[in-house]
Amino acid sequence: MLDIQALRNNLSEVADRLATRGYMLDTTRFEQLEGERKSIQVRTQELQAKRNATSKQIGAAKARGEDVSAIMAEVANLGDELRQLETKLEQVQQELNGFLAVIPNMPHESVPVGKSEADNHELRKWGTPAQFDFEVQDHVSIGEGLGGLDFETAAKISGARFSLLKGQLARLHRALAQFMLDTHADQHGYTETYVPYLVNADSMKGTGQLPKFEEDLFKVPFGLPEPTEAEVANIQRTGASSFEGKQKHFYLIPTAEVPVTNIVRDEIVPPEKLPLKFVAHTPCFRSEAGSYGRDTRGMIRQHQFDKVELVQITTPEQSYVALEMLLGHAETILQKLGLPYRVVKLCTGDMGFSAAMTYDIEVWLPAQNTYREISSCSNFESFQARRMQARFRNAQGKPELVHTVNGSGLAVGRTLVAILENCQQADGSVRIPEVLRPYMGGLDIIRAA
RNA sequence: GGAAGCGUGGCCGAGUGGUUGAAGGCAGCGGUCUUGAAAACCGCCAAGGGUUUGCGCCCUUCGUGAGUUCGAAUCUCACCGCUUCCGCCA
């Protein structure tokens, strides 16, 4: 969420910057809502002040044993008008909040302006794609050839966009996650965390998945379908309350970013604890609505995949340094695995809703003869922190919003794909990168069973 | 799932209808004292918002939401969370 003060004070400038990422801010609507809010709020507060002052008088007069009926008459009809105004103010403020909640973050000044993926800037390349003196297979053929990758059975069990791993490939998948977790925890100073995979709506709002992107999520209902008698009575008596809230739901996390970042929601973190650095290995669940027909073959785009996520909670001064370091931590994994990659700085038009700056790491996939995203590292500045009310105590001792930074380190499934394709051999076997062998019981090559 | 209890500021903890945004303590900040530190003593210390050039003034907030009342941390109802006991379960 953007700072509403920024919109009040520099509306056209904010609108211009949002326009670079393709978001057209409705400034007329904002000014209208804001004007309404202002007049109603001023009037409401005047009446509240009057009510409070009069009530105090009544209290004082009663204490002195005086007759209060005259003063009481004075405020008798104040209540109705005040209640109406308060309700109206609530409505306007909710509208304003709704308006703010769907505005994306402002891009950092250094982010290249562009419309799409094509306008991203390649920053650097690492490693040299291997030359193969045989016909390269994609990960699906390799995996199926090894008897460890089975999409048909996964489709029977669940449907499209799921995969089933068996034997050494399942173990390789586990080895990758362990290796990443160990590297980040032991060498990069992250605290390993185990987190809930089902979260509430507040957490999803905090990191920006809600309210705008509900269709990308899996929503899991639970709870009683019927209200109890007491609730029915309460609803009838008050008239105001609805049945809402009894039928509840969780959301399956689309990334560990959600539960991990929300660790600091509604907290004031002592400054000496910053930066907080967390790493978590979790499954991620995405509906992939709107991606029909894209990456339908293989395990590139799945409803369920594993990811090791890095999250840093920092101060505003440190957040861009933190982003560079976190990017480096993610790159380290690919370097240790010996997988060629490149780093891309996303342009304004290609960035996610909440990000102020994003680097993508793309790994080389020989079968596709191209680089594909395997990690996305972003600084969200105070955008998520404001939604979460996540703060720290600054040098002046005042609470101030933290900055949040996160990135994949890495997507486990896509790393598995990259290893299968980059480390394939002429006979269909796959060479295991050195660093993974301790996790594979010393195995150096995966061969067909 | 059943029973009981509890939810107050960064933390602990008073407070059961009227100048209570909230005693007291801890932590923090400033000062006196000290060569320095500690101790002792004195003072300051919630957040969010509105309005104002500024001093300031005002509003909201005691788990959440409704309600009663001129007035609610305090009374009523519902919900959420936590703790303990019983049951069940990995």
Side-chain angles (χ1 to χ4, degrees), chain A residues 1 3-9 33-83 85-94 96-97 100 194 196-197 199-203 205 222-224 226-250 262 264-274 382 385-402:
Chain A
M1 189 145 72
D3 184 359
I4 192 167
Q5 299 295 353
L7 282 101
R8 285 177 187 151
N9 301 329
L33 279 173
E34 177 59 14
E36 227 179 310
R37 186 228 98 224
K38 193 164 174 170
S39 66
I40 297 172
Q41 182 161 354
V42 168
R43 179 74 186 132
T44 305
Q45 293 191 352
E46 275 171 14
L47 286 187
Q48 285 172 331
K50 187 176 175 189
R51 177 202 60 198
N52 292 346
T54 314
S55 291
K56 274 187 183 172
Q57 281 178 32
I58 294 174
K62 270 196 170 174
R64 279 183 258 113
E66 296 171 9
D67 176 48
V68 292
S69 53
I71 317 180
M72 297 271 278
E74 199 180 312
V75 284
N77 49 9
L78 206 149
D80 280 341
E81 189 185 355
L82 187 53
R83 238 183 299 276
L85 274 171
E86 281 173 341
T87 308
K88 184 80 179 125
L89 181 62
E90 176 102 354
Q91 279 172 11
V92 172
Q93 260 160 354
Q94 270 180 16
L96 258 177
N97 280 340
L100 286 174
Y194 171 80
Y197 303 155
V199 301
N200 58 35
D202 283 341
S203 292
K205 281 178 196 151
F222 72 102
L224 297 172
E226 301 285 333
T228 62
E229 275 181 45
E231 281 167 333
V232 171
N234 189 48
I235 291 163
Q236 284 171 345
R237 191 170 53 75
T238 63
S241 170
S242 74
F243 174 43
E244 195 182 0
K246 186 66 183 178
Q247 170 79 56
K248 297 184 300 186
H249 51 263
F250 287 125
N262 274 281
V264 293
R265 171 152 56 87
D266 294 322
E267 298 287 337
I268 299 175
V269 183
E272 66 272 13
K273 288 201 173 168
L274 298 177
S382 59
R386 186 168 296 106
R387 292 170 160 247
M388 292 191 298
Q389 280 303 299
R391 296 167 296 175
F392 72 105
R393 227 166 257 289
N394 65 19
Q396 290 75 46
K398 290 290 170 194
E400 183 178 338
L401 295 171
V402 298

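Since the structure is predicted, the reported quantities are computational estimates derived from the model, not experimental observations. Side chains included, hydrogens not; waters and symmetry mates left out as well; all remaining heavy atoms used. So that the names make sense, note that chain A is the first sequence line, chain B the second, and so on, each numbered from 1.
- Atom-to-atom, CD of A:E90 to P of B:rA66 comes out at 7 Å; the value is rounded to the nearest Å.
- Listed by chain and residue number, A:A390, A:L401, A:V402 satisfy the side-chain contact (heavy atoms from CB on, under 4.5 Å) test with A:A385 (two or more places apart in sequence, or in another chain).
- Between A:E81 and A:R51 no salt bridge is recorded (no basic side-chain N to carboxylate O distance below 4.0 Å).
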Please list, pair by pair, any protein nitrogen or oxygen found under 3.5 Å from a nitrogen or oxygen in nucleotides 55-59 of chain B.
unit_1 : atom_1 : unit_2 : atom_2 : d
B:rC59 : OP1    : A:N52  : ND2    : 3.0
B:rC59 : O3'    : A:Q48  : OE1    : 3.0
B:rC59 : O2'    : A:Q48  : OE1    : 2.6

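- Here A:Q5 lies in heavy-atom contact (under 4.0 Å) with sugar-phosphate atoms only.
- Annotation: side-chain hydrogen bond (donor to acceptor under 3.5 Å, both in side chains) contacts of A:R37 (sequence neighbours excluded): A:E34, A:Q41.
- Base pairing annotation: B:rC70 forms a Watson-Crick or G-U wobble pair with B:rG18, both donor-acceptor distances under 3.5 Å.
- A distance of about 36 Å separates the C1' atoms of B:rC89 and B:rC11, rounded to the whole Å.
- A:K50 meets the side-chain contact (heavy atoms from CB on, under 4.5 Å) test with A:T54, A:L78; sequence neighbours excluded.
- Between A:K56 and B:rG71, a side-chain N or O to OP1/OP2 separation shorter than 4.0 Å is absent.
- Between the CG atom of A:D266 and the P atom of B:rC11 there is a distance of 12 Å, rounded to whole Å.
- Distance, A:L89 CG to B:rU61 P: 12 Å, rounded to whole Å.
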Show the atom names and distances, to 0.1 Å, of all donor-acceptor pairs under 3.5 Å that link a side chain in residues 85-93 of chain A to residues at least two apart or in another chain.
unit_1 : atom_1 : unit_2 : atom_2 : d
A:E86  : OE2    : A:Q48  : NE2    : 2.9
A:T87  : OG1    : A:R83  : O      : 2.8

At a cut-off of 3.5 Å, list every protein nitrogen or oxygen paired with a nitrogen or oxygen from nucleotides 45-47 of chain B, distance to 0.1 Å.
unit_1 : atom_1 : unit_2 : atom_2 : d
B:rA47 : O3'    : A:R391 : NH1    : 3.2

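- Across the protein-nucleic acid pair, A:L401 atom CG and B:rG48 atom P stand 9 Å apart, rounded to whole Å.
- Of all nucleotides present, none satisfies the Watson-Crick or G-U wobble test against B:rG87 with each distance under 3.5 Å.
- Judged by Watson-Crick or G-U wobble contacts below 3.5 Å, the nucleotide B:rG7 has B:rC80 as its partner.
- For A:R83 and B:rU68, the CZ to P distance is 6 Å, given to the nearest whole Å.
- With 3.5 Å as the limit, one finds no donor-acceptor pair spanning the side chains of A:N52 and A:S55.
- The side-chain contact (heavy atoms from CB on, under 4.5 Å) check on A:Q5 picks up A:D3, A:R8, A:N9, with sequence neighbours excluded.
- Pair assignment for B:rU60 gives B:rA47, based on Watson-Crick or G-U wobble hydrogen-bonding distances that are each under 3.5 Å.
- Judged as a side-chain hydrogen bond (donor to acceptor under 3.5 Å, both in side chains), and not counting sequence neighbours, A:Q45 has no contacts.
- Between the C1' atoms of B:rC29 and B:rG10, the separation comes to 14 Å (whole Å).
- Atom-to-atom, CZ of A:R37 to C1' of B:rG49 comes out at 9 Å; the value is rounded to the nearest Å.
- By the salt bridge (charged side-chain N to carboxylate O under 4.0 Å, His left out) test, A:R387 is found to be paired with no residue, residues two or more places apart in sequence or in another chain being considered.
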